[in-house]
J.: 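Before anything else, here's the structure in question.
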Amino acid sequence: MWLAEVGGAPKGIDLFIPPWDEVIISALCLIVIALVVGKYGVPRYLKVLDERAATIEGGIKRAAEAEEEIAQIRAGLDSEKETARIEAAKVREEAKADAAAIVQEAKVKATDDARRTQEAAQRQIESERKAAEVSLRTDLGELATELAERIVGEALTDKALSERVIDRFLVDLETRAASSGRGV
């Protein structure tokens with residue numbers, strides 16, 4: 001403003017230099033704004049920055065704790081997995097041993113059952129053989145008695161005599177069968 005009074009428009013370097021009163025008023029406005037911003041704006045801004053820094057640090061700390069916890073859980077899971085593998089191996093071995101014992105027991109039981117069945121069959125065969133022998137002796141005795149009666153021409157009524165005749169006849173038959181069986 002004083003330049004305009006002095007002689008007009010600024011020339012040369014004065015073109016770039018502002019008047020002193022404007023510099024002082026601008027400096028005062030800048031100081032007031034700096035004080036207001038310094039007193040109210042910067043603390044709030046720093047508070048927000050500190051809160052963000054604390055949040056970030058807390059997040060990093062929680063992430064580190066979570067990683068540690070995950071590592072511990074993984075270690076626990078790995079040890080549990082190894083324990084489970086060992087336990088499964090033990091169970092498999094026990095199952096194999098039990099299976100072998102069951103198979104052995106079944107073999108023994110089957111052998112015993114087969115032996116008992118064979119013995120029962122032998123007893124059955126022996127009793128049937130004896131029954132057939134008794135039946136055959138009786139039938140053969142009757143035939144021998146009938147034959148002897150026809151040969152002699154008389155009835156053999158004496159029971160003791162007929163039994164002796166039958167027994168002698170059967171002994172003869174057995175001796176002949178035994179002698180012919182040796183020759184075979």
Side-chain angles (χ1 to χ4, degrees), residues 37-148 156 158-184:
V37 168
K39 181 157 179 124
Y40 297 108
V42 171
R44 285 185 182 172
Y45 180 71
L46 291 177
K47 183 179 175 187
V48 168
L49 288 178
D50 288 342
E51 286 174 359
R52 286 184 181 174
T55 303
I56 290 170
E57 287 175 6
I60 291 172
K61 186 186 260 186
R62 283 191 304 274
E65 289 172 356
E67 284 180 8
E68 249 181 66
E69 188 176 335
I70 288 171
Q72 289 175 352
I73 290 172
R74 280 188 181 155
L77 288 176
D78 289 343
S79 69
E80 286 179 15
K81 192 188 303 183
E82 187 61 31
T83 302
R85 282 186 190 139
I86 291 170
E87 189 67 27
K90 285 180 184 176
V91 168
R92 279 193 298 272
E93 289 301 318
E94 288 175 4
K96 285 180 184 177
D98 288 348
I102 289 170
V103 166
Q104 184 62 29
E105 185 178 313
K107 283 181 182 178
V108 167
K109 186 177 179 184
T111 304
D112 288 346
D113 288 347
R115 182 184 47 77
R116 275 187 257 128
T117 303
Q118 186 178 13
E119 287 173 357
Q122 287 293 348
R123 284 191 302 269
Q124 179 74 24
I125 290 170
E126 185 62 28
S127 74
E128 287 179 5
R129 187 189 64 78
K130 285 182 181 178
E133 186 177 308
V134 166
S135 174
L136 187 61
R137 274 185 180 265
T138 305
D139 290 345
L140 198 54
E142 288 174 3
L143 285 174
T145 305
E146 188 179 320
L147 181 63
L156 296 173
D158 185 9
K159 191 83 166 153
L161 178 64
S162 66
E163 283 181 10
R164 280 195 308 267
V165 170
I166 291 171
D167 287 340
R168 226 181 345 209
F169 181 70
L170 290 176
V171 168
D172 279 347
L173 279 177
E174 286 175 359
T175 2
R176 285 184 193 163
S179 65
S180 67
R182 278 188 224 140
V184 176

J.: By side-chain contact (heavy atoms from CB on, under 4.5 Å), which residues pair with Lys109, not counting sequence neighbours?
T.: Asp113
J.: Would Gln124 and Glu128 count as a side-chain hydrogen bond (donor to acceptor under 3.5 Å, both in side chains) if you check the C-alpha gap in whole Å, the side-chain angles of each, and the deciding distance to 0.1 Å?
T.: CA-CA 6 Å; Gln124 179 74 24; Glu128 287 179 5; 2.7 Å; yes
J.: Would one find more than 12 heavy atoms of other residues, nucleotides or ligands at under 6.0 Å from atom CZ of Arg44?
T.: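 No.
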J.: Please name the pair of heavy atoms, one in Gly38 and one in Pro43, separated by the smallest distance, quoted to 0.1 Å.
T.: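 Heavy-atom minimum between the residues: O-CD, 3.2 Å.
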J.: What pairs with Asp139 under side-chain contact (heavy atoms from CB on, under 4.5 Å), at least two apart in sequence or on another chain?
T.: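 Partners of Asp139 under the side-chain contact (heavy atoms from CB on, under 4.5 Å) test: Ser135, Glu142.
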J.: Please identify each residue that fulfils side-chain contact (heavy atoms from CB on, under 4.5 Å) with Asp50, with sequence neighbours left out.
T.: none
J.: Who are the salt bridge (charged side-chain N to carboxylate O under 4.0 Å, His left out) partners of Glu126, not counting sequence neighbours?
T.: Arg129
J.: Side-chain polar contacts of residues 51-76 - donor-acceptor pairs under 3.5 angstrom, sequence neighbours left out - could you list them?
T.:
{"unit_1": "Thr55", "atom_1": "OG1", "unit_2": "Glu51", "atom_2": "O", "d": "2.8"}

J.: When you look at Asp112 and Arg116, which way does the side chain to side chain contact (heavy atoms under 4.5 Å, CB included) test go after all the steps?
T.: CA-CA 6 Å; Asp112 288 346; Arg116 275 187 257 128; 3.5 Å; yes
J.: Could you give the distance from OG1 (Thr83) to CG (Leu77), rounded to the nearest 0.5 Å?
T.: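 CG of Leu77 is found 11.0 Å from OG1 of Thr83.
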J.: Sequence neighbours excluded and cut-off under 3.5 Å, please list the side-chain donor-acceptor pairs for residues 90-104, or say none.
T.:
none

J.: By side-chain contact (heavy atoms from CB on, under 4.5 Å), which residues pair with Glu174, not counting sequence neighbours?
T.: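 Residues passing side-chain contact (heavy atoms from CB on, under 4.5 Å) with Glu174: Arg137.
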